[in-house]
Q: 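There's a structure below that I have some questions on.
All ligand and atom numbering here is 1-based and tracks the order in the structure. Position 1 is the first residue of the sequence; numbering continues from there. Both backbone and side-chain heavy atoms feed into the values below; hydrogens, waters and symmetry mates do not.
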Amino acid sequence: MLTLIGKYALPDGLPELRRIVAERHRLETGVATDPDRHVMITAGNMQGLNALFHVLIDPGDEIIMTDPGFASHTQQIRLCGGKPIHWKMHEEEGWSLDLDGLSELITVHTKAIVLVSPSNPTGKIFTETELRRLGEIAQDHDLFILLDDPYRHFTYENSEKYFNLASVSELVDRVAYLFTFSKAHAMSGWRLGYMIMPESLKRQVLKVHDATIICTPRISQVAGLAALTEQSDHLLEFEQILAERRELICERLDRVPHVFTYVKPEGAYYVFPKIVAEHDDSYKFALDLLESARVSVTPGSAFGPTGEHHVRMAYCVPKDMIDKAFDRIEKRFPV
Ligand SMILES: Cc1ncc(COP(=O)(O)O)c(C=O)c1O
């Protein structure tokens with residue numbers, strides 16, 4: 001293995017890693033997959049999605065994404081000549097899926113729905129009932145479902161709620177499931193992930209992958225092998241640390257109801273408060289917070305039109321940083 005470490009790997013990844021991934025996917029979902037026909041090692045979910053969008057999108061095609069939803073999906077869809085269609089989520093319903101609203105958005109140009117649960121930016125975990133219904137709608141309209149799943153290990157007391165739509169056997173021909181090592185294994189710099197998808201899709205995705213990056217760096221794949229095979233209880237530790245930070249950020253948000261209201265996040269490590277303090281828009285608000293209080297938040301408008309008048313806060317930072325940031329917010333917005 002060591003003499004090969006600096007060499008190209010097969011375009012779809014190291015066979016031993018794909019084998020382990022297929023087995024892991026079977027254990028997690030009950031769905032058997034073939035490492036050669038269905039599994040592809042990626043340089044992270046962004047790269048995997050980029051290859052998928054290249055395959056699925058012809059100019060003018062539409063991809064439905066939650067609104068608010070992950071900002072980079074919008075950019076990727078546009079880069080591939082597609083049109084992101086914003087599927088509005090309702091804050092007053094805890095950011096859950098609006099399934100009645102979904103059917104109305106589907107047109108002859110719709111190719112796929114992209115989904116993140118637990119969500120970035122809201123932390124929402126969609127229910128099994130909601131997801132199964134979404135699957136039926138996708139089936140009725142012959143759409144692909146792209147499950148971008150970085151945060152499945154960060155579900156706190158809501159772990160029972162997490163449901164993987166890739167476990168529904170009737171949907172395997174239309175689901176692409178993407179897992180990344182970036183978050184659960186703290187390996188964002190290694191650029192490593194995997195995709196499980198229908199064979200027909202893999203054949204096409206391989207061409208894009210080959211034309212863009214040839215293969216995922218072998219050294220990262222070897223690290224991925226270690227990550228999936230070595231015994232480790234780091235996930236429990238990560239989750240415990242993040243759970244404490246989530247409690248802290250919620251406590252601190254509770255102390256500034258004149259600045260923000262919020263829905264408590266169920267998973268991931270984001271909270272998406274609504275700005276109730278006087279402001280023009282989320283961009284100007286975020287800039288003001290940065291300049292006047294040296295606190296960095298992401299303007300909610302980056303996550304879609306429904307994100308306007310919100311900000312995204314990431315609590316993947318130490319507790320004293322959260323405390324300091326909120327001390328400054330309280331100073332900037334005295335009662
Ligand atoms: C929803 C979502 N998808 C993808 C990514 C990026 O994943 P990767 O590092 O595997 O490209 C992120 C990172 O924040 C994310 O939140």
Q: Taking atom types as modelled, is there a side-chain donor on Arg24 or Tyr194 under 3.5 Å from an acceptor on the other?
A: yes

Q: Under 6.0 Å from the OH atom of Tyr283, do we count more than 12 heavy atoms belonging to anything else shown?
A: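 Atom OH in Tyr283 is not crowded, with 12 or fewer foreign heavy atoms closer than 6.0 Å.
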
Q: Is there a donor in the side chain of Thr306 and an acceptor in the side chain of Asp67, or the other way round, less than 3.5 Å apart?
A: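 Thr306 vs Asp67: donor-acceptor pair found between side chains.
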
Q: Please check this pair: side chain of Arg174 against backbone of Leu143, looking for a donor-acceptor N/O pair closer than 3.5 Å.
A: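 Yes; at least one donor-acceptor contact below 3.5 Å.
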
Q: Tabulate distances under 3.5 Å between N/O atoms of ligand 1 and N/O atoms of the protein, writing both atom names on each line.
A:
residue  : atom   : partner : partner atom : Å
ligand 1 : 3 (N)  : Asp148  : OD1          : 3.3
ligand 1 : 3 (N)  : Asp148  : OD2          : 2.6
ligand 1 : 9 (O)  : Ser182  : OG           : 2.6
ligand 1 : 9 (O)  : Arg191  : NH1          : 2.9
ligand 1 : 10 (O) : Asn45   : N            : 2.7
ligand 1 : 10 (O) : Thr180  : OG1          : 2.6
ligand 1 : 10 (O) : Ser182  : OG           : 3.4
ligand 1 : 11 (O) : Asn45   : N            : 3.3
ligand 1 : 11 (O) : Met46   : N            : 3.0
ligand 1 : 11 (O) : Arg191  : NH2          : 2.7
ligand 1 : 14 (O) : Tyr151  : OH           : 3.2
ligand 1 : 14 (O) : Lys183  : NZ           : 2.8
ligand 1 : 16 (O) : Asn120  : ND2          : 2.8
ligand 1 : 16 (O) : Tyr151  : OH           : 2.6

Q: Should the ring pair Phe53 and His73 be called parallel, tilted or perpendicular, given that the plane angle runs from 0 to 90° and is split at 30 and 60?
A: perpendicular

Q: Salt-bridged, Lys83 to Asp61, with N to O below 4.0 Å?
A: no

